[in-house]
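Throughout, numbering of the chain's residues begins at 1 and tracks the sequence.
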Amino acid sequence: MTDPYSPISRLLHHRTQRLARGEPVALPIVAASTFHQPGDPDGTHFYGRNGNPTVEEVEEEIGLIEDADVALFPSGMSAIAAVFYAHLRPGDRVLVHADGYYNARGLLAAQFGPMGVHVQTAATSDFAAADFAGVKLALIETPSNPGLDVCDIAAVAAKARAAGTILMADNTTATPLCQRPLDLGADISIMADTKAMAGHSDLLAGHVASRSEALMAPVRTWRRLAGAVVSPFDAYLLHRGLETLELRVARANANAMAIATALSGDLRVSGLRYPGLASDPAHGAARRQMKGYGPIVSFCLESREAAEGFIARHPLAAAATSFGGVHSSAECRVRWGDAVPAGFIRFACGIEPVSDLVAATLSALDA
Ligand SMILES: *Cc1c(COP(=O)(O)O)cnc(C)c1O
């Protein structure tokens with residue numbers, strides 16, 4: 001019989017349904033590097049790098065929303081690295097977004113190129129038209145960060161399948177509540193849980209999710225051998241964030257839609273991008289595969305100086321990188337070398353009341 005309840009309800013009651021009398025309702029933090037294990041190993045916990053009950057509980061919770069097997073990592077980049085190290089070998093071809101999170105390309109260039117892996121890139125907006133012949137692994141990111149372009153995941157997945165390519169989707173900007181790459185045919189979904197999943201800007205974490213045991217087993221092996229394990233304290237904070245994920249995502253998405261709507265048509269702003277806007281070039285593809293359009297709005301002011309002034313004047317935005325937190329934040333992406341105009345701002349919405357955030361944003365635009 002299939003469970004009639006949504007993944008979020010099941011996540012919230014994952015623990016409560018299995019409690020013995022007198023056990024805490026909240027998730028205990030098991031702070032342990034070693035576990036009682038006399039005699040021969042019997043599959044129970046014995047050492048923290050091999051498994052921790054708090055971490056495994058959080059993996060099961062994320063597994064409910066991904067509807068997949070999940071391996072947790074200490075950052076989004078270590079989750080991406082795990083897939084690359086587990087599945088790429090000298091001579092392989094990898095196809096990666098040209099305009100998504102820059103450290104994914106940086107890792108390939110610094111570590112895998114010198115080992116004989118051939119790295120090709122394709123722009124997110126025409127990833128489905130890329131040449132997949134001989135490609136072992138492809139990494140898409142949609143909406144892309146920071147440019148917010150979109151690719152049709154099902155179309156890319158069909159091409160990848162035909163070419164025998166493993167398709168990996170970075171779902172950080174959307175979250176599985178708004179977009180489901182595994183349902184659309186991707187083989188692996190990865191996320192920086194640092195962002196919306198944890199949601200409070202107080203930890204780094206990431207995960208790899210897949211419905212293929214053949215793809216997950218080498219990822220787990222790499223994690224165990226390389227020691228890229230998340231601490232039980234951080235896993236606990238992630239668990240706390242997950243309990244409010246649906247509420248936070250709904251508010252942040254509503255904020256982003258309201259900001260984008262308020263800025264569209266404003267003559268002081270150019271290059272406005274938000275996949276939820278009907279006028280956005282990515283809206284058609286986004287609407288087919290997304291249930292919500294994420295917390296990030298991007299736009300340009302006339303200069304770096306104007307952009308920095310806007311950020312400094314904004315009463316409800318932290319001048320900070322990252323996104324998916326409870327407080328709004330904004331930054332000029334040119335400072336990281338992204339291929340964007342000097343006045344390009346990535347505005348990451350938090351969970352402030354919608355009317356406050358819109359009013360604050362419009363007031364900050366008034367120099
Ligand atoms: C932040 C981010 C990452 C990396 O996550 P970390 O936890 O910082 O390592 C990967 N992909 C995207 C889209 C991100 O925004």
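- Residues Asn253 and Tyr293 are not in side-chain contact: their nearest non-hydrogen atoms beyond the backbone lie 4.5 Å or more apart.
- The two residues Ile153 and Gln289 come nearest to each other via the heavy atoms N-OE1, 2.8 Å.
- Checked against the 6.0 Å centroid threshold, Phe299 and Phe344 do not count as a close aromatic pair.
- The nearest pair of heavy atoms linking Phe347 to Thr361 is CZ-OG1, 4.0 Å.
- The cationic atom of Arg346 (NZ for Lys, CZ for Arg) does not lie both less than 6.0 Å from the six-membered ring centre of Phe323 and within 45° of the ring axis.
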Trace of the side-chain contact (heavy atoms from CB on, under 4.5 Å) decision for Asp187 with Ser212: CA-CA 7 Å; Asp187 302 295; Ser212 161; over 6 Å; no

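- Phe112 does not carry Lys136 over the face of its six-membered ring by the limits of under 6.0 Å from the centre and within 45° of the normal.
- Between His36 and Phe46, the ring centre distance reaches or exceeds 6.0 Å.
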Evaluation steps, side-chain hydrogen bond (donor to acceptor under 3.5 Å, both in side chains), between His327 and Glu352: CA-CA 7 Å; His327 32 62; Glu352 299 87 354; over 6 Å; no

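- Between Asp170 and Ile140, every side-chain heavy-atom pair lies at or beyond the 4.5 Å cut-off.
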Chi angles and distances behind the salt bridge (Lys or Arg N to Asp or Glu O under 4.0 Å) call for Glu59, Arg223: CA-CA 14 Å; Glu59 289 179 330; Arg223 179 176 69 171; 2.8 Å; yes

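- The salt bridge (Lys or Arg N to Asp or Glu O under 4.0 Å) test applied to Asp40 returns no partner, not counting sequence neighbours.
- Residues forming a side chain to side chain contact (heavy atoms under 4.5 Å, CB included) with Leu12 (at least two apart in sequence, or on another chain): Ile8, Glu243.
- Nearest heavy-atom pair, His45 versus Pro53, reported as atom, atom and distance to 0.1 Å: CE1-CG, 3.6 Å.
- Looking at heavy atoms from C-beta onward, Glu66 lies out of side-chain contact with Arg180 at the 4.5 angstrom threshold.
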His207 and Ile190: CA distance, side-chain angles, deciding distance, side-chain contact (heavy atoms from CB on, under 4.5 Å) verdict: CA-CA 6 Å; His207 75 260; Ile190 74 95; over 6 Å; no

Test log, rule salt bridge (Lys or Arg N to Asp or Glu O under 4.0 Å), inputs Arg211 and Asp183: CA-CA 10 Å; Arg211 294 167 189 167; Asp183 291 355; 2.7 Å; yes

Verdict with supporting geometry, Arg220 and Asp69, salt bridge (Lys or Arg N to Asp or Glu O under 4.0 Å): CA-CA 11 Å; Arg220 289 186 184 281; Asp69 185 20; 2.8 Å; yes

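- The two residues Met290 and Ala174 make their nearest non-hydrogen contact at CE-CB, 3.7 Å.
- With hydrogens and angles disregarded, no donor-acceptor distance shorter than 3.5 Å links the side chain of Asp338 to the backbone of Val340.
- Taking the six-membered ring wherever Trp is involved, the centroid distance between the rings of Tyr274 and His283 does not fall below 6.0 Å.
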Residues Cys300, Ile345; criterion side-chain contact (heavy atoms from CB on, under 4.5 Å); working and verdict: CA-CA 6 Å; Cys300 297; Ile345 294 169; over 6 Å; no

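- Looking at every heavy atom in both residues, Gly76 comes nearest to Thr194 through N-OG1, 4.3 Å.
- Counting heavy atoms from C-beta outward, Leu11 and His14 have side chains that stay 4.5 Å or more apart.
- In this structure, Glu57 and Leu27 approach most closely via the heavy-atom pair CG-CD1, 3.4 Å.
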